[in-house]
Structure formats: structure tokens, C-alpha cells
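Since the structure comes first, as C-alpha cells, the remarks are kept for the end.
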There are 2 protein chains.
Amino acid sequence: MTEERIKEAINTLKESGVRITPQRHAILEFLIVSMAHPTADDIYKALEGKFPNMSVATVYNNLRVFKKAGLVKELTYGDSSSRFDFASSDHYHVICSSCGKIVDFHYPGLDEVEALAEHVTGFSAQNHRMEVYGVCPDCREHGKILKS
Amino acid sequence: MTEERIKEAINTLKESGVRITPQRHAILEFLIVSMAHPTADDIYKALEGKFPNMSVATVYNNLRVFKKAGLVKELTYGDSSSRFDFASSDHYHVICSSCGKIVDFHYPGLDEVEALAEHVTGFSAQNHRMEVYGVCPDCREHGKILKS
DNA sequence: GTTATAAATTATAACTATTTTAATTTAAGA
DNA sequence: TCTTAAATTAAAATAGTTATAATTTATAAC
Ligand SMILES: [Mn+2]
Ligand SMILES: [Mn+2]
Ligand SMILES: [Zn+2]
Ligand SMILES: [Zn+2]
């Protein structure tokens, strides 16, 4: 089924006139197969075995291409670097404030909050961002030190 | 009442052993009086008349001090620089995706979402982040172009 | 299968927000 | 007033990301 997802994604790209290069294929595949939320550098490092000459710019460029095609979402945090999420279905994230682990979770939707925001501020709401911060089971059990 | 707030904030700092310097006072005052969500550079520029020799490092250092004292919250976004919010009462933000304007709004709380996240992921939730994106009345009326 | 060409990749330099460093100045208590 | 730890300054360093220009390549037309 990840196979299927990859094919599907490749087709989406082809249909919007994006050329399929080996690098592009590999980055996309990594995003889908790893099922993680890697940074651009994670991807770069993961693929340097297969593509010893690949440039970081290629990773960034392609992530931008995938974003524009709606295949990938960028998750931005304060200090560190962006993380990238293959856009399967809409979901939210819980983030461990100790180790940084990111876990998906589903929740009906916060349409009501958007509606209230519209009503109170006069804005027309388009979308929202929400994430929960906490401590993951691992960190709780092994008593890891919290990030300052 | 902003006067009162400034005094209160200064006292909070004094009580935690933080020295009150003219720069510190000015940065804090600007945050409270402007009632905006300025970047470090906004603050730096706003105060360069009064403090021609102030270093950007001073702005950043003090914002960190204020954060640690719980007086200020840092709002981080994807591409651009952090914004800083004097921490009066808890509130959420609506952000214009066209001009970047940030407007406060109050909403009861998303405890339920935190609870569900805990239940589903095994994390212990500490807090959350939520913001609504949309188009502000000004941008809607004057038909400004959306940021890509 | 060749060829043409626009698009993609690469290597490197540039950029920007933020932090670090080390020297100098200063707030505040004795 | 004196003392000293803490704060400020100026400058350099850092890190993530983007821009540039030369080279390579995916794709479609032939
Ligand atoms: Mn996810
Ligand atoms: Mn606010
Ligand atoms: Zn953890
Ligand atoms: Zn606007």
C-alpha cells in the first residue's frame, strides 16, 4: 500500500507537469515509507548513500515542489528546522517537549473555533493550526530531562 | 493602567533578582504600550532613537529574560522571525495570510482536545498551541494579493 | 534511437535571524 | 563611595534556507 501511495503521488506530479527524476522519486519514497516527520537534513542524510552527489538545494527545491502539489505539508517550529509530513489525511500532532517526538492524532475538527474567530475579529477564516505539547511515554518512564 | 502593568512587570522582575536597566525598562514598556506583536527587530528599531548604541543582542537577551519570567510569550512562525507578545491573559491569535496582521481572540479552552490526545497517544499533555489563519477585513475590502 | 530544449541538479555563495564571545560598563547592595 | 556580579556592546559565528550560474538530464518531437 505504500507502493500504491508512491505511484499515486508520482502520478499527481506527472499530471501537473513535474518531471520525475531519481532524486525526486527517492525523496518522495522516503517521506512515504519512513512515515516520520523528517527535516530536510534528515532526508538529505538518509539518501546520501544512494545519491552521494545530491545537493541540499535539491531536497529543499523538491520539498517545495511537493508542497505546491499538495503532497507534503511543512511543520514549522520555533527554534529548529522545519519538518515535512506526507499529506495523507488531515490530522493533528502531539509533540514531546522532552525528546521532540511527533505523533499523529485525529480529532473531529475545530470549525467552531474558526467560526468564533470570524465572528469576533471580522476575519474570514481559511484554516487553523493546532498542536498539543506534552511528554511521551518513553520520556516519562525513563525520566529524561526536559528541554529548557 | 498600562502604567500599572509596567510597574507590576518591573516588580516581577525585581523579585526574581533581575536588574532593571534603562534598556530593559524601555523594551518592556514598548511591549506593553504598543499592544502589538513586534519582532525583535521592530523593538530594536523603535528604540534606536532613545538608545542609539543598543545592541540587537540586548533585545534578544532581554526578551529571553522576560520569557523566563513569564512576562512575555514568543510566537514562532514558519519563514519569518519570531514575534513577542506581552503575556497578559491567555488568548489565541488570528493571523491574516495576506498582510500578516495578528489579532487576539479569546476562546474557552481546548482541554478536550488535550484529553483526547493524551488518551490516544499515551502522552501527558502540558499545553497546546492554536491559531486561526484567514483574511483580515482590510485585505478583503482592498483586495490585496495573497501571499504565495 | 536521436535530437532539442526546458527543467532539474549541483556546487557554491549569499542571506537572515539569532546566538556567542570577549571587552567594557553599570545597577544595586554593602 | 566602593565593589562586583550582571548587563551591555560590537563583532564574529552559527545554522537553516535560498539564490546563482554552470552542467546535466527527462521528456517529447522527430
Ligand atoms: Mn503527521
Ligand atoms: Mn496576543
Ligand atoms: Zn519524548
Ligand atoms: Zn490583512
Side-chain angles (χ1 to χ4, degrees), chain A residues 10-28 30 37-69 71-84 100 147-148, chain B residues 10-28 30 37-69 71-84 100 147-148:
Chain A
I10 294 289
N11 275 342
T12 306
L13 289 176
K14 274 186 181 163
E15 276 160 26
S16 57
V18 174
R19 290 185 182 173
I20 307 307
T21 66
Q23 295 89 336
R24 223 159 241 181
H25 193 284
I27 293 169
L28 201 51
F30 179 77
H37 303 85
T39 63
D41 199 58
D42 290 339
I43 299 170
Y44 178 66
K45 286 206 169 67
L47 299 180
E48 71 180 357
K50 209 183 267 180
F51 298 90
N53 298 318
M54 186 167 64
S55 167
V56 273
T58 299
V59 177
Y60 281 104
N61 287 342
N62 286 322
L63 288 170
R64 198 161 0 150
V65 169
F66 298 161
K67 260 175 73 181
K68 209 173 290 172
L71 290 173
V72 159
K73 284 198 175 147
E74 183 174 2
L75 315 174
T76 61
Y77 302 109
D79 38 358
S80 55
S81 43
S82 286
R83 298 177 159 275
F84 296 87
K147 282 195 286 192
S148 62
Chain B
I10 294 287
N11 275 342
T12 306
L13 288 175
K14 276 186 180 164
E15 275 159 28
S16 57
V18 173
R19 291 184 183 174
I20 307 307
T21 65
Q23 294 89 337
R24 222 157 243 181
H25 193 285
I27 293 169
L28 200 52
F30 179 76
H37 303 85
T39 64
D41 199 57
D42 289 340
I43 299 170
Y44 177 65
K45 285 204 170 65
L47 299 179
E48 72 180 354
K50 210 184 266 182
F51 298 92
N53 298 318
M54 185 167 67
S55 166
V56 272
T58 299
V59 177
Y60 280 104
N61 287 341
N62 287 322
L63 288 169
R64 196 162 0 150
V65 169
F66 298 160
K67 259 176 74 181
K68 208 172 291 174
L71 291 174
V72 160
K73 284 195 174 149
E74 184 174 1
L75 315 175
T76 62
Y77 302 110
D79 38 356
S80 56
S81 42
S82 286
R83 298 179 160 274
F84 295 87
K147 282 195 290 192
S148 62

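Letters go in sequence order (proteins before strands), and every chain restarts at 1. Nothing here was measured: the structure is a model prediction, and the numbers come from that model.
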Assert: residue with more 5' nearest nucleotide on DNA chain D, out of B:Pro52 and A:Ser81, is B:Pro52
Watson-Crick or G-U wobble partner of D:dC30, both distances under 3.5 Å: C:dG1
How many Å lie between [atom1] on [X] and [atom2] on [N], as a whole number?
X       : N      : atom1 : atom2 : answer
B:Met54 : C:dT25 : CE    : P     : 18 Å
B:Phe84 : C:dA17 : CZ    : C1'   : 10 Å
B:Ile27 : D:dA7  : CD1   : C1'   : 11 Å
B:Arg19 : D:dT8  : CZ    : C1'   : 12 Å
A:Lys68 : D:dT18 : NZ    : P     : 12 Å
A:Asn53 : D:dT25 : CG    : P     : 10 Å
A:Asn61 : D:dG16 : CG    : P     : 18 Å
A:Ile20 : D:dT27 : CD1   : P     : 6 Å

OP1 or OP2 of [N] under 4.0 Å from side-chain N/O of [X]:
X       : N      : value
B:Thr21 : D:dT8  : yes
A:Gln23 : C:dT10 : yes
B:Tyr60 : C:dT19 : no
B:Asn62 : D:dT8  : yes
A:Arg24 : D:dA26 : no
A:Ser82 : D:dT17 : yes
B:Ser55 : D:dA11 : no

Within residues 37-51 of chain B, find the residues that approach DNA chain C with a heavy atom at under 4.0 Å, and present them sorted by residue number. none
Which atom names give the shortest non-hydrogen contact between [X] and [Y], and what distance separates them?
X       : Y       : value
B:Ala69 : B:Thr12 : O-CG2, 4.4 Å
A:Ala46 : A:Phe30 : CB-CE1, 3.5 Å
B:Ala40 : B:Leu63 : CB-CD1, 4.1 Å

Give the intermediate values and the outcome of side chain to side chain contact (heavy atoms under 4.5 Å, CB included) for residues B:Thr58 and B:Phe51. CA-CA 11 Å; B:Thr58 299; B:Phe51 298 92; over 6 Å; no
Roughly how far apart are A:His37 NE2 and A:Ser82 OG, rounded to 0.5 Å? 13.0 Å
What is the distance from atom NZ of B:Lys68 to atom CG of B:Leu13, rounded to the nearest 0.5 Å? 12.5 Å
Starting at the 5' end of DNA chain C, which residue's closest nucleotide do you reach first, A:Pro22 or B:Val18? A:Pro22
Do A:Arg24 side-chain atoms and A:Asn62 backbone N/O form a donor-acceptor pair below 3.5 Å? no
Qualifying side chain to side chain donor-acceptor pair (under 3.5 Å) pairs with a residue from residues 39-53 of chain B, counting only residues at least two apart or across chains: B:Thr39-B:Asp42, B:Asp41-B:Lys45
